[in-house]
Protein chains: 2
Amino acid sequence: MARIKTEKNISRKDVIVTKAAILFREKGFKAASMRDLAEAVGVEAASLYNHIKSKTELLHELCFNVANRFMHKIDEVEAEPISAIEKVDKLLRFHISEMIHHYEEVYVSDREWKHLADPYLSNFQNQRRIYRKRFAAIIENGIRQKEIKKIDAATAVLIMLHAISGIESWHRSTQKISAEALEDNMIAILVGGLTPQPPVKGI
Amino acid sequence: MARIKTEKNISRKDVIVTKAAILFREKGFKAASMRDLAEAVGVEAASLYNHIKSKTELLHELCFNVANRFMHKIDEVEAEPISAIEKVDKLLRFHISEMIHHYEEVYVSDREWKHLADPYLSNFQNQRRIYRKRFAAIIENGIRQKEIKKIDAATAVLIMLHAISGIESWHRSTQKISAEALEDNMIAILVGGLTPQPPVKGI
DNA sequence: AGTTGTTGCTAACACACGTTAGCTTGCTAT
DNA sequence: ATAGCAAGCTAACGTGTGTTAGCAACAACT
């Protein structure tokens, strides 16, 4: 009999959820089967159901874990008495850090949320929309304060968020540059653009 | 009997491929069934096989259509006697335009290529890698010419390509801003960054 | 030692999937 | 008119899916 390994404070369910994240990222939610997951966990497929209610529950778990972390962060950042550019900087660095340290979860939440079932689906989409609105509001504030140039804030948010999800390819690749170098590069490009420019005062 | 509508120069197969792109985008390749596709086309599932060899063939078709268009474009742009920044600008505008005018195809090619079968899979991944290398080379050239600031070129490419794939959300949303405005905004942000800067000579 | 709850197993279900076989219908050109 | 091809149909196949039922082994505590 092959019991799931369990260290302190890590429930069997957590092990399954973690393995599910890896699998869902590799193959996609639909293509990853419960039998695949069972094999990854080291158990028969039916045994999984002693710990989880359904395959979709795994997706809920993953998606809302990620969404909640981002929501808490933007709560925190919004409340700080710093400039708009600094807020953007903090959020971007948080996104990058999440992408690096919770790669599988974030990736799955980003690409597979479509397969959520409907009470959860609408909920997730709502949270996403609200998050983007709040991020855009920060940028609009920055524009009003003339810290940020006049651009469409919503577009800027989309660009930045999707740009960061591009680290996926970096992560998978041969990790030529370090995480810190990557982070600084990304911020430099996203905030500063490609073309050279003199440093702007107050940053 | 429900024949597939056919206008001049549009084969039955083309109709199927087009509908497949829409379906694969909506539900994902794995989740979209041949019976779904058949219904979208207005025909029974088995009838599709008079025109196509397999479900995967549809994915091949879509992915390589897109890949080929990008390859031809970068051939063209590389050959032009213009500055690196102008080359980047042209490529970005092409990406945006492709995303807008061949939305479904580009989206599917971007997100669902993982489900290609293996002679095609490696081929596609190769083309992708080569494309990115060539794009990065343009940027590195620009850095050497001091048109572009010192950043990691590979990271810059990933950022820009993924940023553009973010238009997906714009496309789906209420189209608040026009396509041209969107394009200019994106270029402004990606090339120029968020912070205000004086215009750089020679652009 | 025995009881109890947890976690595993095997077997099986009902269903959805991609695909094939074989036949029929309709269009086009002789 | 009719032959021949294009394109549709129904029926069915094998396989893989998520999930359930029922039972067996283990761990912990009395």
Side-chain angles (χ1 to χ4, degrees), chain A residues 1-21 23-24 26-63 108 112 114-118 120-121, chain B residues 1-21 23-24 26-63 108 112 114-118 120-121:
Chain A
M1 184 142 309
R3 291 226 156 184
I4 299 177
K5 282 183 211 164
T6 164
E7 287 128 54
K8 267 183 196 147
N9 290 342
I10 298 181
S11 74
R12 261 87 171 170
K13 182 166 173 177
D14 287 340
V15 174
I16 295 174
V17 171
T18 304
K19 293 278 185 188
L23 215 69
F24 292 171
E26 284 175 355
K27 313 184 119 193
F29 177 74
K30 270 284 175 182
S33 78
M34 293 306 273
R35 284 165 179 87
D36 290 337
L37 177 57
E39 196 186 352
V41 170
V43 112
E44 290 301 313
S47 306
L48 297 172
Y49 288 85
N50 287 319
H51 306 281
I52 60 165
K53 284 205 295 289
S54 66
K55 187 186 182 187
T56 348
E57 192 208 4
L58 291 169
L59 192 59
H60 302 163
E61 208 100 353
L62 291 169
C63 289
V108 169
E112 305 293 338
K114 277 188 193 180
H115 301 104
L116 286 169
D118 204 357
Y120 299 93
L121 179 59
Chain B
M1 182 140 314
R3 293 228 155 184
I4 298 178
K5 282 182 211 165
T6 166
E7 288 127 56
K8 266 182 197 150
N9 289 342
I10 298 182
S11 73
R12 261 86 171 171
K13 182 166 173 176
D14 288 340
V15 174
I16 295 174
V17 171
T18 303
K19 293 278 185 187
L23 215 68
F24 291 171
E26 284 176 354
K27 314 183 116 193
F29 176 74
K30 270 283 176 182
S33 77
M34 293 305 275
R35 285 167 178 86
D36 289 338
L37 177 55
E39 196 186 350
V41 169
V43 111
E44 289 301 312
S47 305
L48 297 172
Y49 288 83
N50 287 319
H51 306 281
I52 61 166
K53 284 204 294 292
S54 66
K55 188 187 181 185
T56 346
E57 193 209 4
L58 291 170
L59 192 58
H60 303 162
E61 208 100 354
L62 291 169
C63 288
V108 169
E112 305 292 336
K114 278 188 191 179
H115 300 104
L116 286 169
D118 205 356
Y120 299 94
L121 179 60

**Student:** Between C:dT10, D:dA7, D:dT10, spot the one nearest the side chain of B:R12, thanks.
**Tutor:**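 Per side-chain heavy atoms of B:R12, the pick is D:dA7.
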**Student:** In whole Å, what is the span from the OH atom of A:Y49 to the C1' atom of C:dT6?
**Tutor:**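 Going from OH in A:Y49 over to C1' in C:dT6 covers 19 Å.
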**Student:** Report yes if the side chains of A:D36 and A:K27 come closer than 4.5 Å at any heavy-atom pair, otherwise no.
**Tutor:**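 They are in contact (side-chain heavy atoms under 4.5 Å apart), so the answer is yes.
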**Student:** Closest nucleotide of DNA chain C for B:T56 versus for B:N50: which of these residues is on the 5' side?
**Tutor:**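 Mapping each residue to its closest nucleotide by heavy atoms, the 5'-most match is B:T56.
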**Student:** Mind calculating the distance between CD (A:E44) and P (D:dA25) to the nearest angstrom?
**Tutor:**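 Distance, rounded to whole Å: 16 Å.
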**Student:** Among D:dT19, D:dC9, C:dT19, find the nucleotide with the atom closest to the side chain of B:V43.
**Tutor:**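 Nearest to the side chain of B:V43 among the choices is D:dC9.
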**Student:** Which part of the nucleic acid, if any, lies within contact of B:S47, taking any heavy atom under 4.0 Å across all strands shown: a base, the sugar-phosphate backbone alone, or nothing?
**Tutor:**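 If one applies the 4.0 Å heavy-atom cut-off, B:S47 turns out to touch a base.
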**Student:** For B:K114 versus B:L121, what's the shortest heavy-atom pair and its separation?
**Tutor:**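 Smallest heavy-atom distance, with atoms named: O-CD1, 4.3 Å.
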**Student:** For B:K13 and B:E57: C-alpha separation, side-chain torsions, deciding distance, then whether side-chain contact (heavy atoms from CB on, under 4.5 Å) applies.
**Tutor:** CA-CA 11 Å; B:K13 182 166 173 176; B:E57 193 209 4; 2.9 Å; yes
**Student:** Please give, in whole Å, the distance from C:dT20 C1' to B:H51 NE2?
**Tutor:**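 In whole Å, C:dT20 C1' and B:H51 NE2 are 16 Å from each other.
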**Student:** Going through the checks in order, is the side-chain contact (heavy atoms from CB on, under 4.5 Å) test met by B:L59 and B:E112?
**Tutor:** CA-CA 8 Å; B:L59 192 58; B:E112 305 292 336; 4.1 Å; yes
**Student:** Base, sugar-phosphate, or nothing: which does B:A38 touch, judged by heavy atoms less than 4.0 Å apart?
**Tutor:**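 B:A38: no heavy atom of the nucleic acid under 4.0 Å.
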**Student:** Does A:A46 or A:D36 map to a spot on DNA chain D nearer the 5' end, using the closest nucleotide for each?
**Tutor:**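 The residue closer to the strand's 5' end, by nearest nucleotide, is A:D36.
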**Student:** Taking atom types as they are modelled, is there a donor-acceptor pair under 3.5 Å from the base of D:dG16 to the side chain of A:R35?
**Tutor:**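 Check fails, no donor-acceptor contact within cut-off.
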**Student:** Figure out the CD/P separation between A:E39 and C:dC9, and round it to whole Å.
**Tutor:**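 To the nearest whole Å, that distance equals 12 Å.
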**Student:** When the distance from NZ of A:K53 to C1' of D:dT19 is rounded to whole Å, what number comes out?
**Tutor:**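 In whole Å, D:dT19 C1' lies 14 Å from A:K53 NZ.
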**Student:** Under 4.0 Å between any heavy atoms, over every strand shown, what does A:A32 touch: base, sugar-phosphate, or nothing? Just pick one.
**Tutor:**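 The residue A:A32 makes sugar-phosphate contact but no base contact.
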**Student:** Could you state the atom-to-atom distance from CG of A:L59 to C1' of D:dG18 in whole Å?
**Tutor:**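 Interatomic distance, CG of A:L59 to C1' of D:dG18: 15 Å.
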**Student:** Atom NZ of A:K55 and atom P of D:dG16: how far apart are they, to the nearest Å?
**Tutor:**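 Nearest whole value for this atom pair: 15 Å.
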**Student:** Can you check the B:M34 CE to C:dC17 C1' distance for me, whole Å?
**Tutor:**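 Value for this atom pair: 11 Å.
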**Student:** Check this one for me: any side-chain N or O of A:S33 less than 4.0 Å away from OP1 or OP2 of D:dG16?
**Tutor:**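 It does not, given that no N or O in the side chain of A:S33 lies less than 4.0 Å from OP1 or OP2 of D:dG16.
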**Student:** Locate the shortest heavy-atom distance separating B:A32 from B:F24; write the atom from each residue and the value.
**Tutor:**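 Reported closest heavy-atom pair: CB-CD2, 3.8 Å.
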